[in-house]
Amino acid sequence: MTVFILIACLGGVLVGLSRQLNGRLSISTTPLIASFWNHAVGFAVLTCLGLVVGGLLPAGAAEAPWYIYLGGPIGVVFVAAGSWAIARIGAVNTALLIIGGQMVTSVALDYARAAPTSFWANATGIVLIVGGMMVSRRRRKSGGSQ
């Protein structure tokens, strides 16, 4: 179990590093160029890894429904928007926005799917997320930065 926790932590660190690099590249160029290089490098690394490890094209990939592949274009928009946001509101606020958006969206999807959930737990979580973002924003404004 410890190995999987360490792998998850490493993944989080690498995502944070990737966002920082994309944000810095976005400042130097444009968010679209930063997104292009993010995907070009990711494609090259994952293709090499898939060729070495195997399973680059899993069985049944051609028979998958078309909407399964919408994740790619959505990812391009997400990375470009993240690169744009980091350059304007900073890495910490962008991370808070992404995490908050994922949490609220997951609650909305649970309700849309009629998944068994606790209303009060979900409502409390959303209130805490939004409240934390508001407190963070208020502190930055009163502290004189930004």
Side-chain angles (χ1 to χ4, degrees), residues 1-117 121-122 125-141 143-146:
M1 182 74 152
T2 304
V3 172
F4 295 118
I5 292 171
L6 291 174
I7 290 172
C9 289
L10 175 64
V13 168
L14 291 175
V15 166
L17 179 63
S18 171
R19 295 217 184 283
Q20 287 291 334
L21 291 172
N22 284 340
R24 182 40 108 187
L25 183 58
S26 175
I27 290 170
S28 301
T29 59
T30 68
L32 289 178
I33 291 173
S35 178
F36 169 78
W37 283 110
N38 177 298
H39 287 88
V41 170
F43 175 76
V45 168
L46 290 175
T47 300
C48 291
L49 186 65
L51 290 172
V52 169
V53 173
L56 180 63
L57 296 174
E63 289 82 34
W66 65 270
Y67 55 84
I68 295 295
Y69 297 103
L70 288 178
I74 291 171
V76 169
V77 172
F78 183 78
V79 170
S83 297
W84 179 84
I86 286 175
R88 279 147 186 86
I89 64 173
V92 173
N93 284 335
T94 301
L96 287 174
L97 185 64
I98 290 170
I99 293 167
Q102 287 174 338
M103 297 294 281
V104 172
T105 302
S106 68
V107 169
L109 289 174
D110 282 347
Y111 279 112
R113 290 183 47 229
T117 60
N122 289 342
I126 290 173
V127 167
L128 288 173
I129 289 167
V130 172
M133 293 176 78
M134 289 172 59
V135 167
S136 169
R137 193 72 181 148
R138 188 174 306 140
R139 281 190 187 157
R140 290 193 189 281
K141 283 184 180 179
S145 63
Q146 288 187 351

Q: If I take atom CG from residue L10 and atom CD1 from residue I5, how far apart are they, to the nearest 0.5 angstrom?
A: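 Answer for the CG-CD1 pair, L10 versus I5, is 14.0 Å.
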Q: Nearest 0.5 Å, please: how far is OG1 in T105 from CD1 in I98?
A: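 One gets 11.5 Å once the value is rounded to the nearest 0.5 Å.
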Q: Nearest 0.5 Å, please: how far is OG in S106 from CG in N122?
A: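 N122 CG to S106 OG: 7.5 Å, rounded to 0.5 Å.
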Q: Kindly write out the residues that satisfy side-chain contact (heavy atoms from CB on, under 4.5 Å) with P116, not counting sequence neighbours, or none if the list is empty.
A: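 P116: no side-chain contact (heavy atoms from CB on, under 4.5 Å) contacts found.
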Q: Looking at every non-hydrogen atom in both residues, tell me the closest pair between T29 and A34 and how far apart they are.
A: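 Here T29 and A34 meet closest at OG1-N, 4.2 Å.
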Q: For the atom pair CE (M103) and CD1 (I126), what is the distance rounded to the nearest 0.5 Å?
A: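 Rounded to the nearest 0.5 Å, the CE-CD1 separation comes out at 8.5 Å.
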Q: Pair up each side-chain donor or acceptor in residues 68-85 with any protein partner under 3.5 Å, not counting sequence neighbours, and list the distances.
A:
residue: Y69; atom: OH; partner: A61; partner atom: O; Å: 2.5
residue: S83; atom: OG; partner: V79; partner atom: O; Å: 3.0

Q: How long is the gap from CD1 on I33 to CG on N38, to the nearest 0.5 Å?
A: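 If we round to the nearest 0.5 Å, I33:CD1 and N38:CG are 13.5 Å apart.
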Q: Say you draw a straight line from CD of Q20 to CG of L25; how long is it, rounded to the nearest 0.5 Å?
A: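 Taking CD in Q20 and CG in L25, the distance rounds to 12.5 Å.
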Q: What I'd like to find out is whether the side chain of N22 reaches to under 4.5 Å of the side chain of S35, using heavy atoms alone.
A: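 No; the side chains remain at least 4.5 Å from each other.
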Q: If the condition is side-chain hydrogen bond (donor to acceptor under 3.5 Å, both in side chains), which residues does T47 pass it with, not counting sequence neighbours?
A: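 T47 satisfies side-chain hydrogen bond (donor to acceptor under 3.5 Å, both in side chains) with no residue once adjacent residues are dropped.
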Q: Quick one: does T30's side chain have a donor or acceptor within less than 3.5 Å of a partner on S26's backbone?
A: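 Side chain of T30 to backbone of S26, a donor-acceptor pair under 3.5 Å: no, none is there.
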